[in-house]
Structures are given as C-alpha cells and as structure tokens.
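Notes follow once the structure below has been shown.
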Number of protein chains: 2
Amino acid sequence: MPGDFRGESIHKVDPKGRVSIPAPFRHELMRADPNCPEGGNPSFVIVYGFDDQPMLECYTMEGAARIAAAIRRMPRSNPNRKRIQRKYQTKSVTLQVDENGRLVLPAKLREKIGIDGNAVFAGMGDTFEIWSTADYEMDDGDMATEFNESGDALNESMDADLDRYTDDVVF
Amino acid sequence: MPGDFRGESIHKVDPKGRVSIPAPFRHELMRADPNCPEGGNPSFVIVYGFDDQPMLECYTMEGAARIAAAIRRMPRSNPNRKRIQRKYQTKSVTLQVDENGRLVLPAKLREKIGIDGNAVFAGMGDTFEIWSTADYEMDDGDMATEFNESGDALNESMDADLDRYTDDVVF
DNA sequence: TTGAAAACCACGAATTCCCATGGTATCCAC
DNA sequence: GTGGATACCATGGGAATTCGTGGTTTTCAA
C-alpha cells in the first residue's frame, strides 16, 4: 500500500544537521519500514539525484523497495536502466530516525539544497520532499494559481486533468 | 460510492481549535472510512490549497483515496501532476474525529480562513466546506440569485445546465 | 589525541486524552 | 397524550503525553 504523506511544515536545522521529522511523517515511516522494531526507529531513503530541483525526495523503505524491484525487472539492454540506477540508487542514502524523532542531514545534502537554518517538509502522497525555505517559496509561487496571470485557465486545466484521471465508476 | 453531505450549520470553535462536526456529517465520514473501527472515530482529509477562496474543503477517506489514485495514474511528465499534488496532498491534513465528535482545527488552518469563534459547515454532496461566518455570508450573497441584477436570466441558465447534465434514468 | 559523529539527557510548549455538563430530541409505558 | 426516562448532541476544563528543540557526554576513527 502506498504511503500517505500530507501537509507541509517547517523545522529548525541545527549546526550538526539535526532536524525533527514532522510527527505524522514519522509514523508513516514506521508503518512502512518492515524491519522497524515495534516502537523503534524507522529507516528511510533520501534521493538527491533530482538535478533540476533543489530538493531531497524521501521514500519509505517500502517505496524504495518498490523502485528497486522495478529496476530489477528492467532489461539490462535498456539504456535507461543504468540512468535510473544512478538517480535512485547511486545518488541516495539510507538514514535512520534517531531516538528523538530527528534525522541527521549529512553536510553534502545540506549544501545540495542550500539549507539556511530551516527546512520545509512537503508531503507528496507516497513520498515527501525537503526544501530550504527560500527555494520552497519560489516553487510554491510557481505552483500557485492565485497570482498567475492566467490563473483561471490554469485552474481549469488542472481540474480537467484531475477529472480525466479520476475513475468515475458510478454505483 | 460518493458521499451525501447536505445542509449547513454553525458551531463554536474553542481556543484550542476544537469544533463539533455536524452529527450527520460525522456519520457520513464513518461510513466512508474503511479503516474506521466499528463505532470508532473516523479520519478524514482537509484540503486548504484553494487559494482563491477562504475555506477548507473536507474529503472522506474514500474521496481522498480517489484523488490519490487519480494522481498515481497521471503521467509524471504532465506538469499539472505536481501542481495537483501540491494542492491536494501538500496543502492538506489528515485529521481524526475525537471521542466527542469534534475535530481540532490546527492554528494554521484557523488563520487561513479567518476563524473568529464560529465555523460554518456547508454540505456539498461528496465533500463539505468549512468557512468563517463572515466569509460564508459574503460567498452566500454572491451565489444567491434573488438579488442579482439579472436574477431571472441566471436562474434560467442554472436550470438549463441542471437539465443538460441530468441523467434521466428512472428508478 | 583530537575532531567529528553518535548517543544520551532535559525541558517548555503545544497537543491529545479523559472526564464532566447542560440541553434537546426521542422513545416508551401508563 | 403526558410524564419520565433515555439516548445523543454540543461544549467546557484539566491532566497527561507528545513534540520540537537545545545541551552535554560518549564513542570512534584518523
């Protein structure tokens, strides 16, 4: 079953790189880590191979396993196989949540997303993202429709797409 | 099966953000939460990513799952996919009804819709909305046809649309 | 041995849980 | 139909946890 990461929240990043993980996210990580000892500290995977966006994408152990399985199913002859491996397996780390519900962001990852003292966590369904506050606001601005010059058109196009992919079985 | 949220009602919001959910809505939420233990407290999802309107849109677990499924079906190449995720997954929360049939509105959401001590619940079929009393009255005024300068024409156009989309199967 | 990383401890604030109350609608027996 | 009992509903307050955060100590490798 896919994850259910929802909501956005901001947390402090201390000089050691320690950041609290939003409590609801933590619970979801536990649920989706089969090796997590009952009431213990779950592990999860951070992928930093998204070159086009200054953010880290976080997967549950289940989610990471699903990607690994997909890669294994790909024929080695497919040139995308190795690219995908580089993106999701080479450029990634497995981390463990600590006793206080925090994660320790390695310096390299902090630099990657330009962390300044705060980190934004953004739920994305089966994954969640970590951003610097500055970059997140920019991205959010791009996403938002309200101040968009053609806000109405964008809204309509989003609604149309949502409808298109909604399974409308009537009972 | 889609929900059946009907009616409007006003409830007090206490300093902790606690609000009673209209009883009929509560029952509908139970019915539509597959994980709700028999006679227990259902969960549901509040979406606050509607930037153009100062309100919160509430989905049953079923409804939220339907949207999540639609998102999963959307190709990642579709730029609307991420916008929709931001709107319906990032800018949302899962809440659980408490033992007394209340929900706890996080401070952020209260600010978002400018809650002053009362909240209006408005049934919208498969979802329901939460408004501040002030904004609700304004919206209600906009929607109303009676005082519209061209009230008759609007009414006719509404009726025509209703007819157009009415499936005339007799039961 | 000395710097960095990991484990351990500690605390205020916010949130959750639990219990209590008054009011209203519903039901049932007489 | 009338009185009383019963269930459900909306709301309030305080106690108990949890959460986010900051230090301090320990461990380990260079």
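Naming convention: chains lettered A, B, ... in sequence-line order (proteins, then strands); numbering from 1 in each chain. Both backbone and side-chain heavy atoms feed into the values below; hydrogens, waters and symmetry mates do not.
Grouped by direct or indirect side-chain proximity (heavy atoms under 4.5 Å, Ile/Leu/Val/Met/Phe/Trp/Tyr only), B:Leu162 sits alone. Residue A:Val93 is found in a hydrophobic cluster whose other members, listed by chain and number, are A:Phe5, A:Val13, A:Val19, A:Ile21, A:Phe25, A:Leu29, A:Phe44, A:Ile46, A:Tyr48, A:Leu56, A:Leu95, A:Val97, A:Leu103, A:Leu105, A:Leu109, A:Ile113, A:Ile115, A:Phe121, A:Phe128, A:Ile130; membership requires side-chain heavy atoms under 4.5 Å apart, directly or through intermediates.
A side-chain N or O of A:Ser157 and one of B:Asn80 form a donor-acceptor pair less than 3.5 Å apart.
With contacts defined as side-chain heavy-atom distances shorter than 4.5 Å, the pair A:Asp4/A:Arg31 does not qualify. Between B:Arg66 and A:Thr166, the closest side-chain pair of non-hydrogen atoms falls below 4.5 Å.
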Check against side chain to side chain contact (heavy atoms under 4.5 Å, CB included), B:Gln89 and B:Ile67 = CA-CA 9 Å; B:Gln89 293 182 327; B:Ile67 293 183; 6.0 Å; no
request  = Kindly indicate, with the supporting measurements, whether the criterion side chain to side chain contact (heavy atoms under 4.5 Å, CB included) is fulfilled by B:Lys82 and A:Met124.
outcome  = CA-CA 9 Å; B:Lys82 185 159 181 180; A:Met124 292 288 277; 4.0 Å; yes
Protein N or O to nucleotides 26-30 of chain D N or O, pairs below 3.5 Å:
none

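Listed by first and then second residue, the ring pair (Phe, Tyr, Trp, His ring centres under 6.0 Å) pairs involving residues 50-103 of chain B amount to none (not counting sequence neighbours). Among residue pairs with one or both ends in residues 112-129 of chain B, those qualifying as salt bridge (charged side-chain N to carboxylate O under 4.0 Å, His left out) are B:Asp51-B:Lys112; sequence neighbours excluded.
Scanning residues 3-31 of chain A for heavy-atom distances under 4.0 Å to DNA chain C yields A:Lys16, A:Arg18. Annotation: proximity of residues 97-105 of chain A to DNA chain D (heavy atom, distance under 4.0 Å) is found for A:Asn100, A:Arg102, numbered in ascending order. Interface residues of residues 112-130 of chain B facing DNA chain C, ordered by number: none; criterion, heavy-atom separation under 4.0 Å.
Taking all atoms of both residues into account, the shortest heavy-atom contact from B:Pro75 to B:Arg81 is O-CD, 3.7 Å.
For B:Arg72, the side-chain hydrogen bond (donor to acceptor under 3.5 Å, both in side chains) criterion is met by no residue, not counting sequence neighbours. Residues that satisfy the side-chain hydrogen bond (donor to acceptor under 3.5 Å, both in side chains) test with A:Asp14, not counting sequence neighbours, are A:Arg18. By the side-chain hydrogen bond (donor to acceptor under 3.5 Å, both in side chains) test, B:Thr127 is found to be paired with B:Glu57, residues two or more places apart in sequence or in another chain being considered.
Under the 3.5 Å distance criterion, the side-chain polar atoms of A:Gln96 are matched with a main-chain donor or acceptor of A:Asn41.
Salt bridge absent: B:Glu111 and B:Lys108 never bring a charged side-chain N and a carboxylate O closer than 4.0 Å.
Protein chain B touches strand DNA chain C; the 5'-most and 3'-most nucleotides with an atom under 4.0 angstrom of its non-hydrogen atoms are C:dT16 to C:dA20.
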